[in-house]
Amino acid sequence: RTERSMASRHGVLAVCSFVQSDALLTHTIDTFASDADLYLVPVQPGVPVPEMAEPYLASRKLGLAPELFEPCKKWRSVERVLDHLSLERYDYMIAPDDDLEFPPAFLSRFLGLLEAYDIALGQPALTADSFHSWPICVQQPDTVLRFTNFVEVMTPCFRRDALRHLRGTLRSDISPMGYGFDLHWAYACRDAGFQMGIVDDTPISHRVRPVGRHYAGDDLHGQGYAYGRIHPRILAHEICEVGRIPRPTISTSHPHPPA
């Protein structure tokens with residue numbers, strides 16, 4: 001099966017809210033538009049929208065007047081898009097942040113590994129030079145994929161059954177940036193028997209903006225506390241790896257020629 005056919009055989013929804021119009025927005029479009037149903041939502045009013053991004057604006061694709069789909073924070077934009085779409089159209093949904101760099105043919109390889117190892121909620125690992133919040137999310141170069149009990153909110157990818165199960169946990173009315181979601185997902189996926197994982201074979205880079213750069217006006221800890229009061233969660237020290245798929249080793253030794 002070629003990588004191209006692997007990607008195209010999945011119905012994939014990609015929802016991305018963007019802070020500014022720059023080269024990374026172009027890169028996001030290039031990464032997802034050909035193999036996914038891409039929806040873009042500006043985070044704040046006045047963000048210029050380049051011509052190449054206009055066909056992917058959520059308000060335009062959903063046929064809504066712009067004032068009915070005003071700029072909003074990441075998880076509010078995800079909720080609004082999901083409110084207008086049938087989940088049955090998609091096998092996976094991915095919700096990346098807007099300041100990430102993806103490797104070539106990312107989606108094909110990433111989805112192929114999620115499918116091959118029965119991952120219901122997964123994410124790509126972060127390169128070693130990336131800004132990060134959770135050490136477990138940093139790439140392990142000797143590993144293809146790690147089974148974990150945690151997937152963070154930066155670039156989660158939900159299989160349809162997991163998204164259906166977790167849809168009600170996307171409470172952007174409490175935590176618009178998703179602070180606290182991932183600790184609850186760990187709890188909810190464990191109880192539902194959904195396998196979680198981090199894919200080391202398709203690492204992405206988060207090197208442009210430090211974590212939280214654009215959240216200065218948000219009380220993230222307050223939002224996370226409020227969310228955690230109604231959604232049970234694991235504790236940070238409980239985050240762990242529960243298994244791994246090692247990268248195959250290539251032998252450099254050569255057999256002796258016959259005498």
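- Closest approach of Cys72 to Val41, counting heavy atoms only: SG-CG1, 3.9 Å.
- Judged by distance alone, the side chain of Lys74 and the main-chain N or O of Phe18 form no donor-acceptor pair under 3.5 Å.
- For Ser175 (side chain) and Ser172 (main-chain N/O), no donor-acceptor pair under 3.5 Å exists by modelled atom type.
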>> Between Glu101 and Leu24, is the side chain to side chain contact (heavy atoms under 4.5 Å, CB included) condition met? List the steps.
In response: CA-CA 7 Å; Glu101 300 167 80; Leu24 282 176; 3.8 Å; yes
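- A search for side chain to side chain contact (heavy atoms under 4.5 Å, CB included) contacts involving Thr31 returns His27, Phe102, Phe106, not counting sequence neighbours.
- A salt bridge links Arg160 and Asp91; the closest N-O separation between the charged side-chain nitrogens and carboxylate oxygens is under 4.0 Å.
- Here the CG-CE distance, from Asp182 to Met196, works out to 8.5 Å after rounding to the nearest 0.5 Å.
- Residue Leu100 holds its CG atom at 6.0 Å from CE of Met154, rounded to the nearest 0.5 Å.
- Among all heavy-atom pairs drawn from Leu111 and Val12, the shortest one is CD1-CG2, 3.4 Å.
- Panel note: side chain His84, backbone Arg80; a donor-acceptor pair is recorded below 3.5 Å.
- A salt bridge links Lys61 to Asp37: one of the charged nitrogens lies within less than 4.0 Å of a carboxylate oxygen.
- Interatomic distance, CD of Gln123 versus OG1 of Thr155, reported as 6.5 Å (0.5 Å rounding).
- The side-chain heavy atoms of Gln139 and Ile198, taken from C-beta on, include no pair separated by under 4.5 Å.
- Cluster annotation: Val81 and Val153 are assigned to the same hydrophobic cluster (Ile/Leu/Val/Met/Phe/Trp/Tyr, side-chain heavy-atom contacts under 4.5 Å, transitive).
- With Glu79 as the partner, the salt bridge (charged side-chain N to carboxylate O under 4.0 Å, His left out) test is satisfied by one option alone out of Arg167, Arg171, Lys73: Arg167.
- At least one donor-acceptor pair closer than 3.5 Å links the side chain of Ser86 to the backbone N or O of Glu88.
- Looking at Asp118 and Arg159, a side-chain N of the basic residue comes within less than 4.0 Å of a carboxylate O on the acidic one, giving a salt bridge.
- Taking OG1 of Thr249 as the start and CG of Asp142 as the end, the distance is 11.0 Å to the nearest 0.5 Å.
- Using a distance-only test at 3.5 Å, with no hydrogens or angles considered, no donor-acceptor pair links the side chain of His231 to the main chain of His184.
- Taking both residues in full, the closest heavy atoms of Asn149 and Cys240 are given as OD1-N, 2.7 Å, listed atom of the first, atom of the second, then distance.
- Using a 4.5 Å heavy-atom threshold, the side chains of Cys137 and His132 count as separate.
- Residues Asp161 and Phe194 form a side-chain contact, since some pair of their non-hydrogen atoms from C-beta on lies under 4.5 Å apart.
- Minimum heavy-atom separation, Ala33 to Tyr56: CB-OH, 3.5 Å.
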> Run the side chain to side chain contact (heavy atoms under 4.5 Å, CB included) check on Ile245 and Phe147 step by step: do they pass?
Replying inline: CA-CA 8 Å; Ile245 305 298; Phe147 301 102; 3.8 Å; yes
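- Checked by atom type, the side-chain pair Arg109/Thr202 shows no donor-acceptor distance below 3.5 Å.
- Heavy atoms only, all atoms of each residue included: Arg233 and Gly224 are closest at NH1-O, 3.7 Å.
- Looking at Glu238, its side chain does come within 3.5 Å of a backbone N or O of Leu235 through a donor-acceptor pair.
- Without hydrogens or angle criteria, Tyr39 side chain to Ser77 main chain gives no donor-acceptor distance under 3.5 Å.
- The residues Arg247 and Asp201 are annotated as salt-bridged, a charged nitrogen and a carboxylate oxygen being separated by less than 4.0 angstrom.
- At a threshold of 4.5 Å between side-chain heavy atoms, the hydrophobic network of Ile, Leu, Val, Met, Phe, Trp and Tyr places Ile234 and Val151 in two separate groups.
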>> Please evaluate residues Leu85 and Tyr90 with respect to the criterion side chain to side chain contact (heavy atoms under 4.5 Å, CB included), reporting the C-alpha separation (whole Å), side-chain torsions for both, the decisive distance (0.1 Å), and the verdict.
In response: CA-CA 10 Å; Leu85 296 176; Tyr90 305 102; 3.8 Å; yes
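- Side-chain contact between Ile94 and Pro156 is absent, with no heavy-atom pair separated by less than 4.5 Å.
- Side chains of Cys16 and Ile29 form no contact here, defined as non-hydrogen atoms less than 4.5 Å apart.
- Heavy atoms only, all atoms of each residue included: Pro246 and Arg244 are closest at CD-O, 3.6 Å.
- Under a hydrophobic clustering in which Ile, Leu, Val, Met, Phe, Trp and Tyr are joined whenever their side-chain heavy atoms come within less than 4.5 Å, directly or via other members, Ile136 and Val242 fall into different clusters.
- Between the Ser130 side chain and the Leu126 main chain, no donor and acceptor come within less than 3.5 Å of each other.
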> Does the side chain to side chain contact (heavy atoms under 4.5 Å, CB included) test come out yes or no for Ile230 and Ile174, once each step is laid out?
Replying inline: CA-CA 10 Å; Ile230 58 175; Ile174 301 173; 3.2 Å; yes
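- If you run ring pair (Phe, Tyr, Trp, His ring centres under 6.0 Å) between Phe158 and each of Tyr92, Trp185, Phe181, only Trp185 comes through.
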>> If you apply the rule ring pair (Phe, Tyr, Trp, His ring centres under 6.0 Å), what do you find for Tyr179 with Trp75, and how did you get there?
In response: CA-CA 10 Å; Tyr179 207 74; Trp75 287 100; over 10 Å; no
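- In this model, a donor atom of one side chain and an acceptor atom of the other lie less than 3.5 Å apart for Thr127 and Ser205.
- One finds no salt bridge joining Arg207 and Asp99 here, because no Lys/Arg side-chain nitrogen approaches an Asp/Glu carboxylate oxygen to under 4.0 Å.
- A distance-only check finds no donor-acceptor pair linking the side chain of Asp200 to the backbone of Pro203 [under 3.5 Å].
- Here CG of Leu145 is found 5.0 Å from CD1 of Ile119. Values are rounded to the nearest 0.5 Å.
- Under 3.5 Å, the side chains of Asp97 and His206 contain no donor-acceptor pair of N or O atoms.
- Between the side chain of Gln195 and the backbone N or O of Tyr117, at least one donor-acceptor pair lies under 3.5 Å.
- In this structure, the separation between CG on Leu40 and CG on Leu25 is 6.0 Å, given to the nearest 0.5 Å.
- The side-chain heavy atoms of Leu82 and Met93, taken from C-beta on, include a pair separated by under 4.5 Å.
- Using a 4.5 Å heavy-atom threshold, the side chains of Leu38 and Leu13 count as separate.
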